[in-house]
Amino acid sequence: MNAEEQKHYFSIHLLDWYRANKRDLPWRRSKNPYHIWVSEVMLQQTRVDTVIPYFHRFTELFPTVEALAEAPEEEVLKAWEGLGYYSRARNLQSAVREVHERYGGVVPSDKAEISSLKGVGPYTSGAILSIAYNKPEPAVDGNVMRVLSRYFVIEEDIMKPATRVKMERLAQELIPEGAAGDFNQALMELGAMVCTPRSPYCLTCPVRLGCAGREQGMEDKLPVKKKAKPPRPELRVVALIEGVGEHAGKWLIRQRPQEGLLARMWELPHAAWPEPVWGTDENSAAALCEALLTEDNVRVTLGKWFMDTEHTFSHIQWNMKVFRCRLGDEAAHPRGAGEWIPFRYRWVGPEELESYAFPNVFVRIMKAWQEVQEERETGSPGN
DNA sequence: AAAACGGGGTC
DNA sequence: GACCCAGTTTT
């Protein structure tokens, strides 16, 4: 078939296949543009199965634009806990507040207006416009680029912005009249269910007869994608600081800075440490105490090693040694007035912990700690 | 154009 | 262990 027939074949058969085979996903049951928006932001760089429970909780906690606009930021962050890329949550709330104030709570259906909202890039704007308003805008994500690169044999590096722009033009051409929302979702559904990254299910593909990549035996080589840089390793020492006296049963936690990695999340105190002293627990523990004192003006006494753990972000790998500690003299000493305070410290007990948002790595450590404590109280089973 | 920005599933 | 996921923002 010629190029035009190939495109037409693709659009028609993909759309039919989608309408007959689409998954029943929570956000597909809604026509609420705000709910669709929430789902699209959650789905950025995140799998469907991971998002589903978060989507239910989030839309229950913040069912409307107004509810999210008026919620305290900490509650929003807590609802996002564990999902990652936390700037998504803060940007979403900021954008929703703008919609609440400037657009009377109505999610804009205009390309320029919606694109100007925080956290709404080319993909998300296209997804909302097409799915919520059925406007013929492309919504090109990783799935779509994989599908198009294979079907049309596009060998440009999909990591390049120029390639995405090219894909968007192509994707827009393919949208069948009046079916933008279904078609865009069909493209992503195919990428997720059939045209998978590895070992695609070509034999059951609804558009296999028009697929140039398949015809040329290239489906395994596409899309072309430059390799990502490996994360840089970092050594970190972590303090599990248990309170005594009036703080008995509580832990000392701190809030991260306003900007940057894990912005405004809460965590166990920890410090980076240079390689030379890494290796023995004694040196690391001593290093931890000294670092917390010099960096945060928090004096802790040397503690016992508790566990080692590892946590990998996209760009950093934390290799962590965790120590049990006690606070030195009195409470934490925030720096003097007028001086920049990089972290805020606070004693919290098990119940209060529920209202603070922690990165998963610290949730893991705290759970491990609680289990050990419970074993001590009940008389340890096993070892 | 490159780096920052989480966390987890999968083969 | 490598790859990748319904990406956006900042540098």
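Note on naming: letters A, B, ... go to the chains in the order of the sequence lines (proteins, then strands), and numbering restarts at 1 for each one. Only heavy atoms go into these numbers, but all of them, side chains included; no hydrogens, no water, no symmetry mates.
At a threshold of 4.0 Å, the pair A/E5-A/K7 does not count as salt-bridged, since none of the basic side-chain nitrogens sits closer than that to a carboxylate oxygen. Checked for salt-bridge contact, A/K118 and A/E98 miss the test: no charged N lies under 4.0 Å from a carboxylate O. The existence of a salt bridge linking A/K160 and A/E156 is excluded, since no basic side-chain nitrogen approaches an acidic carboxylate oxygen closer than 4.0 Å. Comment: A/R29 engages A/D24 in a salt bridge, judged by a side-chain N to carboxylate O separation of less than 4.0 angstrom. We find that A/K78 and A/E354 are not joined by a salt bridge, their nearest charged nitrogen and carboxylate oxygen being 4.0 Å or further apart. Taking the charged nitrogens against the carboxylate oxygens, A/E189 and A/K22 have no contact shorter than 4.0 Å, which rules out a salt bridge.
Between A/Q258 atom CD and C/dT10 atom C1' there is a gap of 18 Å when expressed in whole angstrom units. Rounding to whole angstrom units, CZ of residue A/R364 and C1' of B/dG7 are separated by 9 Å. Rounding to whole angstrom units, CE of residue A/M193 and P of C/dC5 are separated by 15 Å. Taking atom NZ of A/K226 as the reference point, atom P of C/dC3 lies 14 Å away to the nearest angstrom. Remark: P of C/dA6 and CE of A/M167 are 15 Å apart, rounded to the nearest angstrom. Counting to the nearest Å, the C1' atom of C/dC3 and the NZ atom of A/K227 are 9 Å from each other. The NE2-P distance, from A/H315 to B/dA4, rounds to 6 Å in whole Å. A straight line from CG of A/D141 to P of C/dC5 spans 8 Å, rounded to a whole angstrom.
Using a 4.0 Å heavy-atom cutoff across all strands shown, A/K118 reaches sugar-phosphate atoms only and no base atom. Counting non-hydrogen atoms under 4.0 angstrom, A/G260 reaches the backbone sugars and phosphates but no base. Using a 4.0 Å heavy-atom criterion, one finds that A/I316 contacts no nucleic acid atom at all.
Taking the C1' atom of each, C/dT8 and B/dG9 are spaced 23 Å apart, rounded to whole Å. If you take atom C1' in B/dG6 and the same atom in C/dC4, they sit 14 Å apart, rounded to whole Å.
Annotation: proximity of residues 84-99 of chain A to DNA chain B (heavy atom, distance under 4.0 Å) is found for A/G84, A/Y85, A/Y86, numbered in ascending order. Near DNA chain B, meaning a heavy atom under 4.0 Å away, there are no residues from residues 124-133 of chain A. Contacts of residues 22-51 of chain A with DNA chain B (heavy atom under 4.0 Å): A/Q45, A/T46, A/R47.
The side chain of A/P161 lies closest to B/dA1 when the candidates are B/dG7, B/dA1, B/dA4. Counting only heavy atoms from C-beta on, A/K229 has its side chain closest to B/dA3 among C/dC5, B/dG7, B/dA3. The nucleotide whose nearest atom lies closest to any side-chain atom of A/Y123 is, among C/dT8, C/dC5, B/dG6, C/dT8.
At a cut-off of 3.5 Å, with distance as the only test, no side-chain donor of A/E74 or A/S355 sits close to an acceptor on the other residue. Looking at A/E310 and A/Q317, their side chains do bring a donor and an acceptor atom within 3.5 Å of each other. A/R28 and A/S39 are not linked by any side-chain donor-acceptor pair at a separation below 3.5 angstrom, with hydrogens and angles left out of the test.
Counting heavy-atom neighbours within 6.0 Å of A/R57 CZ, excluding the residue itself, gives a total above 12.
There is a path of hydrophobic side-chain contacts, each under 4.5 Å, that joins A/Y54 to A/V363.
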message: Would A/R326 and A/I241 count as a side chain to side chain contact (heavy atoms under 4.5 Å, CB included) here? Give the steps.
response: CA-CA 5 Å; A/R326 301 278 162 162; A/I241 305 172; 5.8 Å; no
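Residue-to-nucleotide proximity on DNA chain B shows that, of A/G82 and A/R232, the 5′-proximal contact is made by A/R232. When the nearest nucleotides of DNA chain B are assigned to A/R198 and A/T312 by heavy-atom distance, the more 5′-ward of the two goes with A/T312.
Side-chain nitrogen and oxygen atoms of A/H311 include none within less than 4.0 Å of the OP1 or OP2 phosphate oxygen of B/dG6.
Classified by interplanar angle (parallel below 30°, tilted 30° to 60°, perpendicular above 60°), the ring pair A/F313/A/W318 is perpendicular.
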